[in-house]
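The first residue in the sequence is number 1, and the count goes up from there. Remember, it's 1-based here, ligands and their atoms both numbered in the order they're listed. The figures here come from the full heavy-atom set of this structure, side chains too, leaving out hydrogens, waters and symmetry mates.
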Amino acid sequence: MADGEKIRILIVDDIADTRDNLAKLIGFEPDMEVAGTADGGQAAVNMAKKERPHVILMDINMPDMDGITATEIISNTVPESPIIMMSVQGEQDYLRRSMLAGAREFLVKPFSADELINAIRHVHELEKVKRARYAQAAPAAASPPGAVGAATPARDNGKIITFFSPKGGVGRTTIATNLAVALHQTTQKPVVLVDGSLPFGDIAVILNMSPKAKTIADLVGSFDNTDSDVLESVLVSHSTGIKVLLAPPTPESAELITGANVKHVLELLRERYAYIVVDTWPSFQEQVITMLDVADVVLTLMTLEITSLKNVRVFMEIAEKLGYDDHKLQLVANRNDSSGGIKASDVEASLGRKIPHTIVSDGRTLVLAVNRGVPFVISHRESQVAKDIFTLAQRLTADAPEAAAAGAQKTPARAGGMRLFAR
Ligand SMILES: Nc1ncnc2c1ncn2[C@@H]1O[C@H](COP(=O)(O)OP(=O)(O)O)[C@@H](O)[C@H]1O
Ligand SMILES: [Mg+2]
């Protein structure tokens with residue numbers, strides 16, 4: 001969409017007063033306009049196909065076709081129009097189901113004007129990121145076979161495994177650290193762990209490293225002259241046998257590192273290390289996108305909760321447009337058995353994709369390991385959570401990509417999705 005163009009919104013609600021109120025609130029915003037209104041699900045589907053609005057506000061309870069069914073249809077036929085669900089309190093189950101159907105946000109009625117406007121801006125911003133990335137990814141996808149595009153890294157050297165999650169606190173740093181150690185133990189090959197969470201790195205703390213240790217920030221100003229030997233001089237050796245490239249000590253110094261710098265560093269590491277495990281932070285800044293682009297495998301960590309599912313869905317759409325195939329992007333359900341979540345099979349049906357890797361929840365072991373300052377794959381090797389990490393390591397070291405991605409094939413989204421709503 002062109003700059004300066006207004007955010008065009010489709011309002012769907014069977015109550016005329018509600019439609020009018022929403023239209024009035026939107027009318028107050030100089031950068032928003034109403035693209036149309038619909039009084040039922042079927043009308044919404046037709047209108048969405050015709051108008052292709054930037055954002056759709058969707059009521060759940062409507063007489064003809066309900067909002068959840070309409071959302072399922074629209075998110076498959078007009079995927080570029082993100083949907084915000086609106087529902088009255090006490091309809092938690094509906095909210096859960098609408099997120100599984102493909103809605104991006106939900107608003108519980110009655111909501112304030114601020115909540116409404118913020119939600120619209122938020123989903124619209126995310127959609128813009130997706131489109132911008134698509135525009136950049138398209139030329140690479142169109143390049144002739146054999147050309148090295150963003151999504152097709154060279155495979156002859158070390159393997160880059162990047163941990164990503166669109167949401168914080170899901171266990172990226174914990175799992176990345178333990179996986180790096182497990183890869184080294186399993187293969188006895190050189191492994192480097194990169195703290196790519198540039199502004200918020202905490203691997204130094206987790207691995208008990210000296211606050212005076214060198215970091216990637218020591219290369220700022222000389223990235224262009226950095227070769228393998230120079231890079232080696234800022235890596236820190238850990239007692240577990242792995243090398244670590246630490247994150248800058250302050251967020252300010254992280255800003256001095258560009259996406260191109262990150263690419264240069266990771267490609268140099270590929271020459272000497274068999275496995276390069278990269279931690280990230282939840283962002284779509286250029287540095288993070290680079291860590292994803294150069295990766296052979298992006299392990300996307302999620303927990304089985306609605307909020308996590310929502311963010312992973314958006315990320316998967318971005319990843320698809322970036323040209324990441326099912327082998328490159330692999331889902332990992334962490335804290336798999338923790339209560340209060342949704343079932344893995346429901347999540348798989350909703351995302352139209354298998355979750356090939358799972359890691360159990362074991363807070364007790366993790367706390368004991370952290371207190372000892374030793375990764376749990378060493379201190380609690382026999383625990384289930386450690387076994388799950390070793391299984392992941394084995395799959396990633398298996399030669400055939402098919403074995404590594406066992407079960408990562410697409411499942412038919414529609415069929416699975418429908419089953420979810422069958423009574
Ligand atoms: N499988 C697990 N079982 C129990 N707790 C976990 C598990 N994985 C991570 N955690 C805990 O979750 C918290 C967040 O983990 P962290 O690795 O810092 O997440 P992130 O890097 O994604 O922000 C930590 O307290 C960590 O110990
Ligand atoms: Mg972290």
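Taking the charged nitrogens against the carboxylate oxygens, Lys128 and Glu125 do have a contact shorter than 4.0 Å, which makes a salt bridge.
Counting only heavy atoms of the protein, atom 7 (C) of ligand 1 lies nearest to Leu366 CD2, 3.4 Å. Arg335 NH1, 3.6 Å is the protein heavy atom nearest to atom 12 (O) of ligand 1. Residue, atom and distance of the protein heavy atom nearest to atom 3 (N) of ligand 1 are Asp362 N, 2.8 Å. Considering only non-hydrogen protein atoms, atom 19 (O) of ligand 1 sits nearest to Gly171 N, 2.9 Å. The closest protein non-hydrogen atom to atom 21 (O) of ligand 1 is Thr173 OG1, 2.8 Å.
Residues passing the side chain to side chain donor-acceptor pair (under 3.5 Å) test with Gln285, sequence neighbours excluded: none.
The closest heavy-atom contact to atom 1 (N) of ligand 1, among the options Val360, Val385, Ile359, Thr177, comes from Val360. The option with the heavy atom closest to atom 8 (N) of ligand 1, from among Asp388, Asn334, Thr174, is Asn334.
Side chain to side chain, Gln185 and Arg381 meet the donor-acceptor criterion of an N or O pair below 3.5 Å. In this model, a donor atom of one side chain and an acceptor atom of the other lie less than 3.5 Å apart for Asp293 and Tyr324.
Residue Phe376 holds its CZ atom at 3.5 Å from CG of Asn178, rounded to the nearest 0.5 Å. In this structure, OG1 in Thr215 is found 9.5 Å from CG in Asp195, a value given to the nearest 0.5 Å.
Those atoms of ligand 1 that come under 4.0 Å of a heavy atom in Gly169, given as number and element, are 14 (C), 19 (O), 20 (P), 22 (O), 23 (O). Near Val170, the atoms of ligand 1 lying under 4.0 angstrom from a non-hydrogen atom of the residue are 19 (O), 20 (P), 22 (O).
In this structure, the side chains of Leu368 and Ser379 stay at 4.5 Å or more apart for every pair of heavy atoms. No side-chain heavy atom of Phe223 sits less than 4.5 Å from a side-chain heavy atom of Thr258.
Under the 4.0 angstrom criterion for non-hydrogen atoms, Ser361 is in contact with ligand 1.
Taking 2.8 Å as the threshold, Ser197 does not count as a candidate ligand of the Mg ion (ligand 2), since none of its N, O or S atoms lies below it.
Within 4.0 Å of atom 25 (O) of ligand 1, not a single protein heavy atom is present.
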